[in-house]
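First comes the structure, then the notes that go with it.
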Amino acid sequence: MRIKYMIPIVFLVALVIIEKENRIISRVSDKLNLKQTPQTPLQAGVFSHLSLKHTFSFPTLSKDFMVMKQRLENYSEHQEVVKKVRKHVLLLATTRTGSSFVGEFFNQQGDNMFYLFEPLWHVEKMLTLDTGGTNATASAKAYRDVLQQLFLCDFSLLESFIDPLPVNHITTSLFRRESSTSLCEESVCSPVIKGIFERYRCKIRRCGPLNLTMASESCVKKDHRVIKSVRVRQLENLRPLAEDPRLDIRFIQLVRDPRAVLASRMVAFAAKYKSWKQWALGGDRPLDEDEVKKLKGNCDNIRLSAEVGLRQPPWLRSRYMLVRYEDIARFPMRKATEMFRFSGIPLTPQVKAWILKNTQVSKEISGVYSTQKNSSEQVEKWRFSLPFKIAQVVQRACGPTLKLFGYKFVSSEKMLTDKSISLIEDKVFSV
Ligand SMILES: *[C@@H]1O[C@H](CO)[C@@H](O)[C@H](O)[C@H]1NC(C)=O
Ligand SMILES: *[C@@H]1O[C@H](CO)[C@@H](O)[C@H](O)[C@H]1NC(C)=O
Ligand SMILES: *[C@@H]1O[C@H](CO)[C@@H](O)[C@H](O)[C@H]1NC(C)=O
Ligand SMILES: *[C@@H]1O[C@H](CO)[C@@H](O)[C@H](O)[C@H]1NC(C)=O
């Protein structure tokens, strides 16, 4: 019975003692701060004129005190960092998954956002070999290092990949500059220079060549930094970014039904997919095995990244979110809210207005049917353009990917084109 009471009492006494010691130490610390200059080493003599009620040996105090002081300093430094913490978001996707659309949610966020659209385009272009591909190892490293710098508002490594090489940090050819509101705002807009051709010029205002020093200065002032990229193959390669104490990064991986992606690619890059089409329409030549291998390789990369993310290894804890494009298209406002909450970035009225305008989620706002797409309807359109034979090839090559993301297999042409059967399973990817 008694021992029950003893424990809390001993604990309390210990607390009181610790508290007293703390106060003395901090008083000593205050005095020391007044007396001690950086050049004066801590000496017993310093204590001689302090009236301390406790008796303790000086060597112990000085050591404990120094540790305590350092801890306090470390703590307040840490607090400072927490207060000023910036949000960094990497939107990871592959082509034809709606990443420009989703990136726009962030691009529209407002004055406190620094958004970059596909900066790695330059890196990929520079590292493309004569064979048309890239050395995956070399490019993965370059992508990672460039992203890391960009999140810290440093454009120097990216500059080295821009062709022609910027002069004095000025460039006329930053890929799709106009797709980043932040690169066209007043503070980053230098005067137009007559006779200089700008490949990617700002639409919201007339600007001269991009001064990357100005871009960097603007970036430093923003609380939120978001980069969209379709070029990173493996999430695992970005681990150093998650572990960089200067960054507070979140990864949002955007995925889409691989059958829909292929259907979209067949339209967007028709020439490249001519052989697929001919094969599907009953041509005599068999389907190129290398093409199927490439398709499988892409699906596997996406799935492996998602598996790493969903497994939540310590370095990724609370830093990874998986989003299906189909869910964004069907429930744009809900999914946007989730993504912004996850990112720790406020969802501003501008973002909401942009989503309403571009998805027609609300008839009240958009009034009559306009030229805007009904995104919910768009999301299933591919089912009527993709030949069943090709859907089967994708299902064979990308089976595990379809399964992981909750996309239903079709077993017949009839099922593929039956609108009453949804191919999207309800799935929550818990993180
Ligand atoms: C305080 O931080 C420094 C460097 O960041 C570290 O070397 C030191 O061990 C920390 N001290 C304590 C007591 O945590
Ligand atoms: C790819 O790049 C890495 C690192 O730069 C190099 O070690 C490797 O030999 C390259 N591989 C090929 C196939 O060129
Ligand atoms: C680019 O911007 C920086 C910072 O504002 C400025 O110092 C520099 O003169 C600018 N360069 C040119 C060529 O205008
Ligand atoms: C968009 O299309 C879907 C599917 O056809 C339909 O259910 C929905 O009502 C449409 N939304 C609007 C706002 O027209």
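Counting from 1, the numbers follow the sequence of the chain as shown.
- Below 30°, between 30° and 60°, or above 60°: for Trp121 and Tyr200 the angle between ring planes is above 60°, a perpendicular geometry.
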Apply side-chain hydrogen bond (donor to acceptor under 3.5 Å, both in side chains) to the pair Thr97 and Arg256, showing each step before the final yes or no.
-> CA-CA 5 Å; Thr97 55; Arg256 185 181 182 188; over 6 Å; no

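- A side-chain donor-acceptor contact under 3.5 Å links Tyr407 and Glu326.
- Judged by the 6.0 Å distance and 45° axis criteria, Lys222 is not positioned over the aromatic ring of Phe114.
- When all heavy atoms of Ser182 and Met113 are compared, the pair lying nearest together is OG-O, 3.6 Å.
- Of all the heavy atoms in Leu322 and Ala306, the pair that sits closest is CD1-CB, 4.3 Å.
- Put simply, the side chain of Arg225 does not reach to within 4.5 Å of the side chain of Leu116, judged on heavy atoms.
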Working for side-chain hydrogen bond (donor to acceptor under 3.5 Å, both in side chains), residues Lys228 and Ser99 | CA-CA 7 Å; Lys228 160 190 126 65; Ser99 63; 2.7 Å; yes

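- Panel note: side chain Asn168, backbone Ile170; no donor-acceptor pair is recorded below 3.5 Å.
- In summary, Glu186 and Arg205 engage in a salt bridge, as defined by a charged side-chain N under 4.0 Å from a carboxylate O.
- Checked for salt-bridge contact, Glu413 and Lys389 miss the test: no charged N lies under 4.0 Å from a carboxylate O.
- Using modelled atom types and a 3.5 Å distance limit, the side chains of Thr95 and Arg265 yield a donor-acceptor pair.
- For the pair Arg259/Val410, a side-chain contact is recorded, criterion being any heavy-atom separation below 4.5 Å from C-beta on.
- Between Glu289 and Lys293 no salt bridge is recorded (no basic side-chain N to carboxylate O distance below 4.0 Å).
- The backbone N or O of Tyr115 sits less than 3.5 Å from a side-chain atom of Ser180, completing a donor-acceptor pair.
- Between Lys221 and Glu217, no side-chain nitrogen of the basic residue sits less than 4.0 Å from a carboxylate oxygen of the acidic one, so the salt-bridge criterion is not met.
- No donor-acceptor pair under 3.5 Å is formed between the side chain of Thr401 and the backbone N or O of Arg303.
- The aromatic ring centroids of Tyr320 and Trp315 lie 6.0 Å or more from each other.
- Remark: Cys189 SG to Cys202 SG, distance not under 2.5 Å.
- Nearest approach of Ser160 to Met126, heavy atoms of both residues: O-CE, 3.9 Å.
- The local environment of CZ in Arg317 is crowded, with over 12 non-hydrogen atoms from other residues, nucleotides or ligands closer than 6.0 Å.
- Ring-centre distance between Phe340 and Phe105: not below the 6.0 Å cut-off.
- No side-chain N or O of Trp354 forms a donor-acceptor pair with one of Glu104 less than 3.5 Å apart.
- In this structure, Arg396 contributes its side chain and Val393 its backbone to no donor-acceptor pair below 3.5 Å.
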Evaluation steps, side-chain contact (heavy atoms from CB on, under 4.5 Å), between Leu254 and Thr94 = CA-CA 8 Å; Leu254 177 67; Thr94 51; over 6 Å; no

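- In this structure, the side chains of Leu174 and Leu158 come closer than 4.5 Å at one or more pairs of heavy atoms.
- One N or O on the side chain of His122 and one on the backbone of Phe175 form a donor-acceptor pair closer than 3.5 Å.
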Output, in order, the C-alpha distance, side-chain angles, deciding distance and verdict of side-chain hydrogen bond (donor to acceptor under 3.5 Å, both in side chains) for Ser218 and Glu185.
-> CA-CA 9 Å; Ser218 169; Glu185 67 184 32; 3.2 Å; yes

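- The pair Asp418-Lys414 does not meet the salt-bridge criterion, since no charged nitrogen lies less than 4.0 angstrom from a carboxylate oxygen.
- Only one option out of Val308, Ile249, Leu316, Leu147 pairs with Leu238 in a side-chain contact (heavy atoms from CB on, under 4.5 Å); it is Leu147.
- When atom types are taken as modelled, the side chain of Glu159 and the backbone of Pro166 share no donor-acceptor pair closer than 3.5 angstrom.
- Under the 4.5 Å side-chain criterion, counting only non-hydrogen atoms from C-beta, Pro346 is in contact with Gln109.
- Looking at Lys294 and Asp290, no side-chain N of the basic residue comes within less than 4.0 Å of a carboxylate O on the acidic one, giving no salt bridge.
- Between Gln253 and Val323 there is no side-chain heavy-atom pair separated by less than 4.5 Å.
- Between the side chain of Arg383 and the main chain of Leu416, a donor-acceptor pair closer than 3.5 Å is present.
- Between Asp248 and Lys87 there is a salt bridge, with a side-chain nitrogen of the basic residue lying less than 4.0 Å from a carboxylate oxygen of the acidic one.
- To the nearest 0.5 angstrom, Arg233 atom CZ is 6.5 Å from Asn298 atom CG.
- When all heavy atoms of Arg324 and Lys427 are compared, the closest pair comes out as NH2-N, 3.7 Å.
- The backbone N or O of Cys153 sits less than 3.5 Å from a side-chain atom of Ser216, completing a donor-acceptor pair.
- Counting heavy atoms of neighbouring residues, nucleotides and ligands inside a 6.0 Å radius, atom NZ of Lys274 does not exceed 12 of them.
- Geometrically, Arg334 engages Phe331 in a cation-pi contact, judged by NZ or CZ lying under 6.0 Å from the ring centre and within 45° of the ring axis.
- Proximity of a side-chain donor or acceptor of Arg86 to a complementary backbone N or O of Val220 within less than 3.5 Å is detected.
- For Asp111, the CG atom sits in a loose shell: 12 or fewer heavy atoms of surrounding residues, nucleotides or ligands are nearer than 6.0 Å.
- Between Phe155 and the choices Val146, Leu150, Thr171, the side-chain contact (heavy atoms from CB on, under 4.5 Å) rule is met once, by Leu150.
- Annotation for Lys335 and Asp327: closest pair CG-O, 3.5 Å, computed over non-hydrogen atoms.
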With side-chain hydrogen bond (donor to acceptor under 3.5 Å, both in side chains) as the test, would you mind laying out the steps for Thr181 and Asn107 before giving the verdict?
-> CA-CA 6 Å; Thr181 305; Asn107 190 35; 3.0 Å; yes

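- Checked by atom type and distance alone, the side chain of Ser305 pairs as donor or acceptor with a backbone atom of Asn301 at under 3.5 Å.
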